[in-house]
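First up is the structure itself, then whatever we jot down about it.
Being a predicted model, the structure only gives us computed values, none of them experimental.
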Amino acid sequence: MMVKERLLKAVELANEDSEGKKLAKKLGSGKLVVKVTGGLSVSILAENGHLEIVESQEHPKAIYEFSDIESAWALMNKSLSPYAATVHKKLNQQGLSPMNDTFEDILLLAYDRESASGRE
């Protein structure tokens, strides 16, 4: 599974998994843009505990940006901690911290669910 697929899985879990739904409700409302510098960019709209991939990247409340695809994958597989990623400038978070932090929890939940199913 690659980075974009893991992001899509995270959105799916936030809408369908009981733990994911709880996290999605904590996310608040607004747009979060998840990026890999010079590459992938996914906009996620959170409204009333429901997440949806949208085209527009205008007016995000939060930006969660990885310096490179390797760092993104390492964080999504828990081989790089969010703290280490931030300290080593592999992860840049802008905007609403609670939105970024909660989305990070959703990403890590996606890893846990994939690992538990043996598909990781």
Side-chain angles (χ1 to χ4, degrees):
M1 178 174 283
M2 300 311 303
V3 172
K4 186 169 184 177
E5 288 79 13
R6 182 64 56 83
L7 287 171
L8 298 176
K9 182 67 174 178
V11 169
E12 178 184 315
L13 281 171
N15 292 328
E16 298 174 6
D17 178 88
S18 61
E19 191 175 342
K21 287 179 180 181
K22 288 177 190 173
L23 290 169
K25 286 180 183 176
K26 288 175 48 180
L27 202 56
S29 292
K31 193 178 304 171
L32 167 73
V33 177
V34 181
K35 298 180 178 186
V36 176
T37 302
L40 174 74
S41 187
V42 176
S43 294
I44 301 166
L45 181 63
E47 285 186 8
N48 301 317
H50 179 78
L51 274 56
E52 177 183 358
I53 304 292
V54 295
E55 292 294 319
S56 170
Q57 295 191 3
E58 295 178 4
H59 310 295
K61 286 193 172 182
I63 298 172
Y64 196 89
E65 185 171 8
F66 298 99
S67 64
D68 54 71
I69 199 79
E70 292 82 11
S71 297
W73 191 240
L75 189 136
M76 290 180 186
N77 286 312
K78 294 187 175 180
S79 59
L80 177 66
S81 74
Y83 176 76
T86 302
V87 168
H88 296 290
K89 301 190 186 314
K90 301 291 182 182
L91 175 62
N92 180 21
Q93 299 180 51
Q94 300 173 23
L96 294 177
S97 292
M99 184 173 257
N100 278 319
D101 293 344
T102 302
F103 185 73
E104 188 171 276
D105 291 341
I106 294 170
L107 276 178
L108 298 178
L109 176 66
Y111 169 77
D112 291 342
R113 294 298 190 260
E114 288 296 316
S115 294
S117 72
R119 295 188 308 168
E120 200 266 314

Rounded to the nearest 0.5 Å, what separates atom [atom1] in [X] from atom [atom2] in [Y]?
{"X": "L51", "Y": "L8", "atom1": "CG", "atom2": "CG", "value": "11.5 Å"}
{"X": "K31", "Y": "E52", "atom1": "NZ", "atom2": "CD", "value": "10.5 Å"}
{"X": "K22", "Y": "T102", "atom1": "NZ", "atom2": "OG1", "value": "14.5 Å"}
{"X": "L27", "Y": "E47", "atom1": "CG", "atom2": "CD", "value": "11.5 Å"}
{"X": "K9", "Y": "R113", "atom1": "NZ", "atom2": "CZ", "value": "9.5 Å"}
{"X": "I53", "Y": "E12", "atom1": "CD1", "atom2": "CD", "value": "11.0 Å"}

Which atom pair, heavy atoms only, marks the closest approach of [X] to [Y]?
{"X": "A24", "Y": "G49", "result": "CB-O, 3.3 Å"}
{"X": "N92", "Y": "Q94", "result": "ND2-NE2, 2.9 Å"}
{"X": "L75", "Y": "A85", "result": "CD1-CB, 3.9 Å"}
{"X": "A84", "Y": "L80", "result": "CB-CD1, 3.8 Å"}
{"X": "M99", "Y": "A62", "result": "SD-CB, 3.8 Å"}
{"X": "G28", "Y": "A46", "result": "O-CB, 3.4 Å"}

Do the side chains of [X] and [Y] join up, straight or via other hydrophobic residues, at under 4.5 Å, putting them in one cluster?
{"X": "V36", "Y": "V33", "answer": "no"}
{"X": "L23", "Y": "M76", "answer": "yes"}
{"X": "L45", "Y": "L13", "answer": "no"}
{"X": "I44", "Y": "L40", "answer": "yes"}
{"X": "L107", "Y": "L96", "answer": "yes"}

Taking side chain as C-beta onward, heavy atoms only, is [X] less than 4.5 Å from [Y]?
{"X": "K61", "Y": "L32", "result": "no"}
{"X": "D101", "Y": "Q93", "result": "yes"}
{"X": "L91", "Y": "Y64", "result": "yes"}
{"X": "L7", "Y": "F103", "result": "yes"}

Exercise for the section: Look at atom NZ of K78 and say whether more than 12 heavy atoms of other residues, nucleotides or ligands are closer to it than 6.0 Å. Expected result: yes
Problem - Donor-acceptor contact below 3.5 Å, side chain N77 vs main chain S79 - result: no
